[in-house]
Amino acid sequence: MAGLSPRIYCTLALFLSSWTAVYAEITVYSQRPLGQAANTASGAAATNTAAAAYDTTVLNPPPLPDPLPATQFGVQLQNSAANVQGLSIPMSGAFWGFSIEMSVANQVLGRNATFIQVPFLNLMSNLAERAGYVRVRVGGNTQDFATLSDDLPDGKLLQKENVNNTNPTQTPGIRFTSQLLYMMSNISSLTNVRWYLGIPLNETANLRLQIAEVGEPILGDNLLGWQIGNEPDLYLRHLHRDPGYGPFNYFGEFGDVKNALGSSAAVNKLIGPSVGSGDWSPEQVWDTNFIPQYQANLGALSVEKYPDDNCFALYGTGHKVVYQDVFANYLTHDGPKSFIQPFLNSTAIAQTFNKPFIMFETNTASCGGFPGVSNSFGSALWALDYGFQMAYSNFSSALLHVGGQNVFYNPFTPPPTSQSTFHEWTIGPVYYSTLIIAEAFGKSNQSRIIDLNTNNGDAHTPGYAIYDGDKPSKVALFNFMTDPSGANDYTANINIGGSQLGQPNGTPAQVKVKYLAAPSVAEKFNITWGGQTFGEHFASDGRIKGSMQIQTVTCDQTANTCAIKVPAPGFALVFLTDDPATSSDATPATFSTTALTKTVNTALADPTEVATSNGHSGKTFEKFRSTSKGSVPNGSVSKRTTGTDVFAVGAAVALALVSL
Ligand SMILES: *[C@@H]1O[C@H](CO)[C@@H](O)[C@H](O)[C@H]1NC(C)=O
Ligand SMILES: *[C@@H]1O[C@H](CO)[C@@H](O)[C@H](O)[C@H]1NC(C)=O
Ligand SMILES: *[C@@H]1O[C@H](CO)[C@@H](O)[C@H](O)[C@H]1NC(C)=O
Ligand SMILES: *[C@@H]1O[C@H](CO)[C@@H](O)[C@H](O)[C@H]1NC(C)=O
Ligand SMILES: *[C@@H]1O[C@H](CO)[C@@H](O)[C@H](O)[C@H]1NC(C)=O
Ligand SMILES: *[C@@H]1O[C@H](CO)[C@@H](O)[C@H](O)[C@H]1NC(C)=O
Ligand SMILES: *[C@@H]1O[C@H](CO)[C@@H](O)[C@H](O)[C@H]1NC(C)=O
Ligand SMILES: *[C@@H]1O[C@H](CO)[C@@H](O)[C@H](O)[C@H]1NC(C)=O
Ligand SMILES: *[C@@H]1O[C@H](CO)[C@@H](O)[C@H](O)[C@H]1NC(C)=O
């Protein structure tokens with residue numbers, strides 16, 4: 001634990017032993033390869049000395065369930081959403097967004113307002129072109145200790161303060177300049193990212209509102225909301241409040257911030273209470289009259305929670321996790337269902353007040369995630385099912401947490417500072433899930449989803465239907481099993497309408513299918529979405545590579561069925577309509593990192609990719625081509641692109657590939 005003094009380490013160890021069942025995120029601020037201390041107890045776990053973000057542990061796929069689920073089953077859809085009981089509220093394709101720990105914003109977003117990470121722009125652009133925009137939060141534990149400064153040495157936009165913090169998470173103080181906010185604004189103008197920030201709440205008697213005062217005019221409509229308090233139900237345990245601190249105290253502090261903001265633009269987009277990981281249930285906060293009291297000020301209600309934690313590996317205390325054993329928890333539909341169940345009362349309450357309900361920070365497991373789990377194909381299936389399940393449960397949005405080099409679960413990781421001139425980014429399996437949900441819900445803001453309880457509710461073969469407006473638009477089918485023999489591939493026979501429902505047959509002549517595929521749930525790199533991939537460690541400039549493969553399935557219109565095969569493991573997204581409402585109308589930008597190592601780095605956009613890199617349904621499929629100029633990714637990616645297919649985004653913003 002380089003960087004942690006033995007004294008603080010001991011305090012931590014003693015302290016943490018008392019809250020092992022608490023699944024809050026603890027961002028580790030000192031660099032240490034998690035995989036080393038962690039006991040990878042099973043599977044083909046390799047000894048690994050790299051930073052957690054580049055962990056190479058490969059577990060064994062969990063054994064097949066006994067009894068095995070049926071490999072043929074029907075999926076009945078209605079002709080009209082009006083006939084469907086239990087559809088969710090309308091969803092945005094921007095459902096899955098990201099939560100970026102404030103202390104790593106200078107690694108992930110960029111160095112300053114004119115020096116922005118091009119791979120980050122591409123990763124956001126991929127989503128914006130599918131969903132219309134992307135939601136990104138810059139915050140976390142560090143937001144409560146952040147201070148806006150006029151200036152920092154060497155033109156830095158962010159700096160950790162080496163204060164001798166006594167709090168158990170050793171949360172550093174952060175100083176940042178308005179450059180951070182200008183950088184965010186410039187990112188929004190390049191690709192449609194909309195932001196959440198937080199107002200520091202470590203001292204309510206001495207509020208630091210400067211971030212809102214300065215941030216509102218810079219970010220304007222691209223500022224979605226201000227989080228007031230990050231996991232206040234953990235403040236006491238983290239020694240940030242005096243004994244006795246409870247939901248009513250938080251209620252009061254929320255009011256203090258509201259009053260201090262006066263009539264500022266920020267005052268009507270506050271977000272709270274962001275509990276769920278710690279000691280308070282959301283209901284305890286609702287019971288303070290929180291929502292009616294602040295109804296006019298609340299932009300959204302929020303919770304934060306991780307399904308498990310790896311704090312034992314970090315701090316040597318708490319519940320010890322055998323990674324091989326927990327892997328199966330992420331490979332069943334029951335996991336997300338039971339995890340979300342405690343929030344159903346709250347999502348219903350949020351609806352009665354017409355407030356969005358957001359999972360403000362989550363991922364596979366707090367304290368960095370699990371090697372071999374958080375970075376496997378299984379985690380991509382999990383994040384897809386979890387996302388769809390939250391949507392079906394009337395969450396409006398959810399943010400996947402992005403830590404630094406020292407976590408296993410990152411959706412994307414910039415290369416370590418020392419290697420950024422020759423290595424590219426590493427894209428985690430869960431990033432694919434965000435892309436797929438963006439495609440599934442699209443841009444209409446009218447997609448509603450239902451859990452189909454497929455295969456008699458079998459936990460290994462779940463499925464969902466999405467209705468766009470009144471019409472069935474997509475079917476999402478999962479197979480969590482791994483069986484290379486093919487014996488546990490299944491076929492779902494989709495019916496739309498039909499005489500058995502007293503409806504006309506609604507099954508189309510053909511449907512299009514895109515697969516999320518890998519040979520095993522344990523796979524780390526050979527992951528494809530519609531045949532395209534982000535490749536291995538250090539392999540990505542943020543663009544998905546390879547030729548897009550879309551399967552066309554001819555349906556049996558006499559029998560009124562479309563037979564969709566789903567391999568074990570795998571996920572299929574079935575596009576039922578050619579409805580142009582889901583097609584791309586915006587002009588997506590793709591930013592090409594054409595820089596050669598150690599030469600001038602200039603951000604470039606490829607105009608041809610504007611037309612070819614989207615991922616929508618129906619008529620637009622014909623236009624799809626490879627986004628990589630015919631080349632599949634190879635190792636750590638050629639840095640050279642041809643001069644003819646790139647041009648500068650325009651003179652206004654001179655971007656550069658960041659070398660941290
Ligand atoms: C932005 O960062 C780059 C790289 O560190 C540096 O060359 C440039 O001068 C900085 N620009 C400003 C305005 O600070
Ligand atoms: C932090 O603690 C160390 C050792 O107790 C001390 O030497 C140092 O001056 C302290 N730093 C600050 C910024 O207080
Ligand atoms: C709150 O955070 C600021 C900025 O890091 C720090 O200066 C201050 O001492 C903190 N206050 C408490 C009570 O921790
Ligand atoms: C981009 O950053 C520059 C430098 O800080 C700033 O002057 C400019 O206003 C920013 N542009 C936008 C659109 O925010
Ligand atoms: C839902 O939450 C409200 C507000 O806290 C509470 O009064 C009610 O009992 C809860 N209902 C259930 C079913 O938990
Ligand atoms: C989601 O909200 C809709 C509309 O209010 C409701 O019909 C449905 O039952 C809710 N779903 C869940 C899982 O609570
Ligand atoms: C969907 O909602 C977003 C966010 O409010 C908005 O920007 C967009 O214009 C909406 N799209 C449609 C088609 O209404
Ligand atoms: C990659 O995975 C696919 C299945 O998704 C498999 O067909 C292919 O052989 C695998 N390729 C390699 C190089 O392992
Ligand atoms: C991949 O890269 C290696 C090493 O640079 C090279 O030998 C090989 O030909 C490349 N393969 C393709 C398909 O480009």
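In this chain, numbering begins with 1 at the start of the sequence shown. Counting starts at 1 for both ligands and their atoms, in listed order.
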Which residue holds the protein heavy atom closest to [atom], what is that atom called, and what is the gap in Å?
| atom | value |
| --- | --- |
| atom 5 (O) of ligand 5 | Asp287 OD1, 2.7 Å |
| atom 10 (C) of ligand 5 | Asn345 ND2, 2.5 Å |
| atom 9 (O) of ligand 8 | Asn526 ND2, 4.7 Å |

Short N or O distance, Trp286 and ligand 5, threshold 3.5 Å exclusive: no
Between the main-chain N or O of Gly372 and the side-chain N or O of Thr57, is there a donor-acceptor pair closer than 3.5 Å? no
Would the distance check show the side chain of Ser149 and the main-chain N or O of Asp151 forming a donor-acceptor pair, the cut-off being under 3.5 Å? no
Intermediate values then yes/no, side-chain hydrogen bond (donor to acceptor under 3.5 Å, both in side chains), Ser188 and Trp195: CA-CA 9 Å; Ser188 295; Trp195 307 92; 2.7 Å; yes
How are the rings of [X] and [Y] set relative to one another: parallel (under 30°), tilted (30 to 60°) or perpendicular (over 60°)?
| X | Y | value |
| --- | --- | --- |
| Phe395 | Phe343 | perpendicular |
| Phe478 | Phe388 | perpendicular |
| Tyr330 | Trp382 | perpendicular |

4.0 Å protein heavy-atom contact status of atom 2 (O) of ligand 5, strictly under: yes
Quiz question for you: does at least one protein heavy atom lie closer than 4.0 Å to atom 7 (O) of ligand 8? no
Would you say ligand 1 has an N or O under 3.5 Å from any N or O of Arg111? yes
Would you indicate which of Gly570, Pro519, Ser520, Pro567 comes nearest to atom 4 (C) of ligand 8 when only heavy atoms are counted? Pro519
Identify, by atom number and element, the atoms of ligand 8 in contact range of Ala517, meaning under 4.0 Å from any of its heavy atoms. 5 (O)
Evaluate side-chain hydrogen bond (donor to acceptor under 3.5 Å, both in side chains) for Gln405 paired with Tyr54, printing each intermediate quantity in order. CA-CA 8 Å; Gln405 304 287 325; Tyr54 314 108; 2.7 Å; yes
Need the ligand 5 atom indices (1-based, order shown) with element for anything under 4.0 Å from a heavy-atom of Ile349. 1 (C), 2 (O), 3 (C), 4 (C)
